[in-house]
Amino acid sequence: MFGPNDSKSARSVCSPTPRATGGSRNVLPAPRPGGRSGSKGGQKRSDCLLTPRATGGSRNVLPAPGPGGRSGSKGGQKRSDCLPMPRATGGSRNVLPAPGPAPGPGFTLVELLVVIAIIGMLVGLLLPAVQQAREAARRMQCSNNLKNIGLALLNHESTMRAFPAVRLGIDADIPPELGTSVKCDQRYAGSGFVAIAPNLELTATYLALNEGKIMPFMEDGTTSGWKTAAMTDAIGTRPPIFKCPSETSQDTTPSDSGIGNSNAVGITCGTSSYAFCCGTNALAKLKMKDYYSVKHNNNGAFIYRVKRKSQEFRDGLSNTFFVGEVYESDQDWSRCCWAYTNVMRSCMRSCENPLNCKLGQGISHSGSPSNTTYNGAFGSLHVGGGNFVFGDGHVQLINDGIQMTTYQALATRSGGEVIQENIQ
């Protein structure tokens, strides 16, 4: 035992700790209060705590920092306060892990260009397929629109015992059966689409259009009050069912001068992607000023004023066009408005010209009722043909290459033609 004042004596105060397997001891210095070691006046002191030993018997020590992270040396004296490090099996010292291998090189420019080229090729292959799928969906939506229109016509016939007329009244040309004097209230221009509006869940529009009593060719005291704000709003609105998704025309267009009534000319009208089929008598007759054969005595399903009955379709409803597609319905040459009818200029067309006949091809007309050249043909932006709804309500895509004899036979209601071409 050393005395407390013996400055040259060394004192080791240690606390025993559990021993690890192998019999040797690991020690840690026991810091004094304040974290300082007990050296003074040249004396050395080692305060240690025994720690568990790892297998192998050797000791691992770490220096124990003093206050502020500094070791406890003073006045030239040296102090070593140590903490043990855990030992790995085998007695060797623990060291920091060696860094892993350096990352491999990235893509070279050539590899990157090859990848970009492959991606471009895949996009080039997939894009046409995506476009075809979208067009198929648009064509299906168009077919659904026509299907609903066909069912509405059949429901109208079931209720009224007749299909609607393509135009509610007449215009400037008076048919012989009406005599020489016709009142203005018999000259309304409301279309057959207005007549079936309640069957298309458009009852509010039907009432706003006063059941089709709109845009009379002439006005007198019985017709002058037709132009109300509610009516003009309804005329200028295009219901979604009259819009083919593939058709690119605007939703509105001004009415044409052929409507006759100066109060009706220039009114904003909702366009339509669909029109009624009146038969095959059209522009050639108009050139000869045979308006009666076009408007009142045509060979198709729909004419002015007269409502056809189902028994009049001797060719069969399933073999007769009712409604077909038109496009560019906001342009002068192909104007088509759903709410009113004007011969070959609105929702009344013929099969005199081939399907998708362009302006300048086939038979055209530029006289009355308008100075603009038009051909009155059906047309579509679908690939390969256009959709038609038949009298029995079924919808079919008619191919662009259909023979004219077959095409025109389908436009007549009682021509007695034998259709030999497969149109399926």
Side-chain angles (χ1 to χ4, degrees), residues 101-150 238-253 270-275 277 321 323-336 338 347 349 351 353-362 364 373-390 393-404 406-407 410 421-424:
F107 287 111
T108 65
L109 179 59
V110 173
E111 292 171 335
L112 184 60
L113 291 176
V114 170
V115 171
I116 293 174
I118 293 174
I119 293 175
M121 292 175 61
L122 292 176
V123 171
L125 293 173
L126 291 175
L127 188 58
V130 172
Q131 291 174 339
Q132 290 177 4
R134 289 179 176 176
E135 170 55 24
R138 290 192 292 265
R139 189 172 64 191
M140 182 62 68
Q141 179 61 51
C142 174
S143 177
N144 288 339
N145 290 344
L146 284 171
K147 180 70 174 180
N148 288 329
I149 291 172
R238 180 186 201 175
I241 196 169
F242 297 114
K243 168 73 173 177
C244 170
S246 295
E247 220 258 298
T248 58
S249 64
Q250 299 297 315
D251 288 341
T252 60
T253 187
T271 55
S272 174
S273 301
Y274 311 109
C277 179
F321 287 151
V323 178
E325 285 191 80
V326 298
Y327 69 100
E328 294 191 9
S329 54
D330 59 342
Q331 303 298 313
D332 285 340
W333 77 275
S334 185
R335 180 182 281 109
C336 183
W338 79 273
C347 54
R349 299 296 175 92
C351 293
N353 281 318
L355 178 62
N356 283 323
C357 180
K358 307 298 183 182
L359 183 64
Q361 300 175 355
S364 61
T373 301
Y374 53 94
N375 62 17
F378 288 99
S380 172
L381 294 180
H382 297 308
V383 178
N387 284 320
F388 284 81
V389 61
F390 289 71
H394 84 273
V395 179
Q396 191 167 332
L397 182 74
I398 301 300
N399 194 283
D400 287 335
I402 187 173
Q403 295 181 11
M404 278 301 294
T406 303
Y407 183 60
L410 293 170
E421 183 179 359
N422 183 11
I423 61 172
Q424 297 295 328

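None of the values given here were measured: they were computed from a predicted structure.
Of all the heavy atoms in I398 and L355, the pair that sits closest is O-CD2, 3.4 Å. Pairing each heavy atom of K243 with each of S249, the nearest pair is NZ-O, 3.4 Å. Contact between P240 and N145 at its shortest, heavy atoms only, is O-ND2, 4.2 Å. In plain terms, the two heavy atoms of C244 and S273 that are nearest each other are N-OG, 3.0 Å. Residues C351 and M404 share a closest heavy-atom pair of O-CE, 3.9 Å. Heavy atoms only, all atoms of each residue included: N353 and Y407 are closest at O-CE2, 3.4 Å.
Applying the salt bridge (charged side-chain N to carboxylate O under 4.0 Å, His left out) criterion to R139, with sequence neighbours excluded, gives no partner residue. The side chain to side chain contact (heavy atoms under 4.5 Å, CB included) search around L113 returns L109, not counting sequence neighbours. By the side chain to side chain donor-acceptor pair (under 3.5 Å) test, S334 is found to be paired with no residue, residues two or more places apart in sequence or in another chain being considered. For the side chain to side chain contact (heavy atoms under 4.5 Å, CB included) test, no residue two or more places apart in sequence or in another chain qualifies with L125. For the side chain to side chain donor-acceptor pair (under 3.5 Å) test, residues two or more places apart in sequence or in another chain that qualify with K358 are Y327. Under the side chain to side chain contact (heavy atoms under 4.5 Å, CB included) criterion, L122 pairs with I118, not counting sequence neighbours. With sequence neighbours excluded, no residue satisfies salt bridge (charged side-chain N to carboxylate O under 4.0 Å, His left out) with D400. For T248, there are no side chain to side chain donor-acceptor pair (under 3.5 Å) partners at least two apart in sequence or on another chain. Listed by chain and number, the residues in a side chain to side chain contact (heavy atoms under 4.5 Å, CB included) with N399 amount to none (sequence neighbours excluded). With sequence neighbours excluded, the residues forming a ring pair (Phe, Tyr, Trp, His ring centres under 6.0 Å) with F378 are F388, listed by chain and number. Listed by chain and number, the residues in a side chain to side chain donor-acceptor pair (under 3.5 Å) with N148 amount to none (sequence neighbours excluded).
Counting only distance, with no hydrogens or angles, the side chain of E328 and the backbone of R335 share no donor-acceptor pair below 3.5 Å. Without hydrogens or angle criteria, D330 side chain to T252 main chain gives no donor-acceptor distance under 3.5 Å.
The structure places OG1 of T271 at 6.5 Å from CD of E247, a figure rounded to the nearest 0.5 Å. Atom CD of E325 sits about 7.5 Å away from atom OG of S246, to the nearest 0.5 Å. Separating the CG atom in L397 from the OG atom in S143 is a distance of 9.0 Å, to the nearest 0.5 Å. Between the CD atom of Q132 and the CG atom of L127 there is a distance of 10.0 Å, given to the nearest 0.5 Å. Rounded to the nearest 0.5 Å, atoms NE2 (H382) and CG (N387) are 5.0 Å apart.
Pairs passing the salt bridge (Lys or Arg N to Asp or Glu O under 4.0 Å) check and including a residue from residues 113-137, sequence neighbours excluded, read E135-R138.
With contacts defined as side-chain heavy-atom distances shorter than 4.5 Å, the pair I241/Y274 does not qualify. Looking only at side-chain heavy atoms (C-beta outward), S329 and S272 stay at 4.5 Å or farther from each other.
Within a 6.0 Å sphere centred on CD of Q250, heavy atoms belonging to other residues, nucleotides or ligands number 12 at most.
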